[in-house]
Amino acid sequence: MTADAGRAAGPSVPDDAELGGSAVRDDAGGSEPGAPRRVAVAGGANVLPVLIGVAVIAIIFQLLNDRFLSTGNLVNLFVQASVFMLIGMGEVFVLLLGEIDLSLGYVAGIGGVIVTELVQARTGWPWWSAVATALLATGAIGFLQGSLVTRLRLPSFVVTLAGLLGWQGAMIIILGTGGTIPIPNATITGIANGTLPPLGGWALAGAVVAGYAAMTIGGDAKRRATGIAAPRRSTTVLKVLGVAVAAVAIALLTNADRGVGRYTLRGMPYVIPLVFAVLLLWSTVLTRTRFGRYVYAIGGNAEAARRAGIALGWVRTLAFTFAGTTAGVGGIVYASRLRSMSTSFDGGTIVLYVVATAVIGGTSLFGGRGHPLHAVLGGVVIAAIVNGMALLGLSAAIQLIATAIVLLASIFVDVVIRRRGAAG
Amino acid sequence: MSDEPARQPLGAAAEPLLRLVDVRKSFGAVHAMRGVNLTVPAAKVTALVGDNGAGKSVTVKVIAGTHLPDEGQMFWEGRPVRPRTPRESAALGIEVVYQDLALCDNLDVVQNMFLGRETVRRGFLDEDAMERAAMRTLADLRVTTVQSVRLPVAALSGGQRQSVAVAKAVMWNSKLVILDEPTAALGVAQTRQVLGLVRRLAERGLGVLIISHNLTDVFAVADRIAVMRLGMVVSEGPATQTDVQTVVEFMTTGKARAA
């Protein structure tokens, strides 16, 4: 800007080396106008691929076995999926940090076992105190493992791998050599087996749609009123419509008669509102609170978060704690569904399904990108595969191989998205 | 008659924003700062140049509170200060934009600008208030290239990211902004963009200390130039009274060649 600038062009030192790099960055800047709509929010929920995936899987299994899309099987599939969804929402917390928790399967197992033991006739605890104790215990496990990761700086992979072994051992000790222990409490078994009355299901679906519409439309209006850019009205309307269609579909499906023969069965299983409540809670925490913002920040750039004065250790530990608690909820639903807990509970396979659940839904293994909704959508995919293969009577060997392929495919998609993100 | 000229109280306005007096810092046997004297006035761009290992980074870290000096004094608006952490120096009004920018790629512009200092209302983040404040700051700095403040930083170009990092630094009533190699990774057009932004900071009354290798940029933007060599400031003065040749001489030999 001064006359000296021109004269100084000669001796400037490291500039040439930098030029190559800056040319690439210029490209990144140039391609930017097209990119924005894709990733609107941190952890942007680009859910289209997973919806397409669900449709493809559904068509394949339906062609192979026409019972797959029957009302009874679909509702059953949702209940099956709820375990993956719940534990998966816990896993999302840890994945967002760029860590992994391999113990969540057996942490869930511990939750299920504690509830099972506490409601036995000889202990006779009321169901709610049994549930509270189980959630406190699984939260404490998460806190312990999170502390080992943050305070002692041990890799989360190893700490939670130890957890995977250790908590299985603890679970077997609590269960004793008895093998399978049934749950004598109707409230606990009702969580996964009971249903809302049909009217209740409709009321709930209506409330969800109304609440969502009020929040998005009201939020947009407030933004427009204060002069900040709001999403286009058509986008908002489409989003509300999407939620409405999903809610009505679920209500219709669960309220259709799925009984066998003269026996009628209809109504929304309690686990659907339960999963929804956990989803609402965790997405609020992650997207509307400081703690949630810091979880994303640490996953995106831990050093930047540290320089911003964020207490990394506490945020990480708390995330592991929430993951443990959420897995505990999943474990209780698991026990409720089977009306029992047994030493054959396979938390190792479950945790792999759960990681796949989150990743298939769109949560990154590398941290910083993800949302609890991903676990819910991914849970449908995983449960559809598990359920469909069982329906076809495929051997366990084939099921394992198919799951492996799905896991690899989802991680492949994750890596490709990440590479594209890094390139611009 | 006047045997106390230097001691005379000059009044707050005459005191420079920041003054280092004979600051020393060693790491074991390595004397990184061997008595640094440096003045950074408000409303001016001061460039700190020097070869690798001259002590520029350590000087920045001492000012920022990352390192504690072994000896010497630091005056902030005339008062002796001794920031022990980055937090303490930020409380004084000192913000550093490091070369790596410390932005979270996955967060958007607003989220980055408010990271660690979010506006909260009734326990929840007040996104709209933060967005308005961020837009105001960017508009004040005439950063117009960022299309939407809700874009994740990963989608921005190098110059835009630098602008966001600078805007983040000036948002918090800072009085001194230290920029570490702000143009090192940028192309020609983006460098011009960022240098324009640096000038505007000084026009707004902020003190700017810019660390750079690139003498073209330094002469394009700086009002004052301080040259460091082997842990000391060997030359300090208005940019108009020196030229590239002289600065290079100071950088390499510590003295100006007799013309």
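Quantities reported herein were computed from a predicted structural model and do not represent experimental measurements. Only heavy atoms go into these numbers, but all of them, side chains included; no hydrogens, no water, no symmetry mates. In the text below, chain A, chain B and the rest are named by the order of the sequence lines, each starting its count at 1.
- Other residues, nucleotides and ligands contribute only 12 or fewer heavy atoms inside 6.0 Å of the CZ atom of B:Arg84.
- Taken to the nearest 0.5 Å, the CD1 atom of A:Ile228 stands 7.5 Å off from the CZ atom of B:Arg150.
- Qualifying salt bridge (charged side-chain N to carboxylate O under 4.0 Å, His left out) partners for B:Arg229, counting only residues two or more places apart in sequence or in other chains: none.
- Both the backbone and the side chain of A:Arg290 come within less than 4.5 Å of a heavy atom in chain B.
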Please step through side chain to side chain contact (heavy atoms under 4.5 Å, CB included) for the pair B:Glu131 and A:Thr226, ending with a clear verdict. CA-CA 11 Å; B:Glu131 186 165 335; A:Thr226 50; over 6 Å; no

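- Here the side chain of B:Asn106 pairs a donor or acceptor atom with the backbone of A:Gly368 at under 3.5 angstrom.
- With values rounded to the nearest 0.5 angstrom, B:Asp100 atom CG is found 4.5 Å from A:Arg307 atom CZ.
- Around atom CH2 of A:Trp314, no more than 12 heavy atoms belonging to other residues, nucleotides or ligands sit under 6.0 Å away.
- A salt bridge links A:Arg293 with B:Glu127: the distance from a Lys NZ or Arg NE/NH1/NH2 to an Asp or Glu carboxylate oxygen falls below 4.0 Å.
- Heavy atoms closer than 4.5 Å to chain A are found nowhere in B:Arg122, neither backbone nor side chain.
- With values rounded to the nearest 0.5 angstrom, B:Asp126 atom CG is found 11.0 Å from A:Arg288 atom CZ.
- Shortest non-hydrogen contact noted between A:Ala297 and B:Cys104 is O-SG, 3.4 Å.
- Interatomic distance, CZ of A:Arg223 versus CG of B:Asp128, reported as 5.0 Å (0.5 Å rounding).
- Here B:Glu118 contributes atom CD and A:Phe291 contributes atom CZ; the two are 13.0 Å apart, rounded to the nearest 0.5 Å.
- Defined by atom type and a distance below 3.5 Å, a donor-acceptor pair is missing between the side-chain atoms of A:Glu303 and B:Tyr98.
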Audit row: B:Leu115, A:Ile310, side chain to side chain contact (heavy atoms under 4.5 Å, CB included) steps and yes/no: CA-CA 9 Å; B:Leu115 190 60; A:Ile310 294 167; 3.9 Å; yes

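- The CG atom of A:Asn301 lies 8.5 Å from the CG atom of B:Asn112; values are rounded to the nearest 0.5 Å.
- The number of heavy atoms from other shown groups lying within 6.0 Å of CZ (A:Arg233) does not exceed 12.
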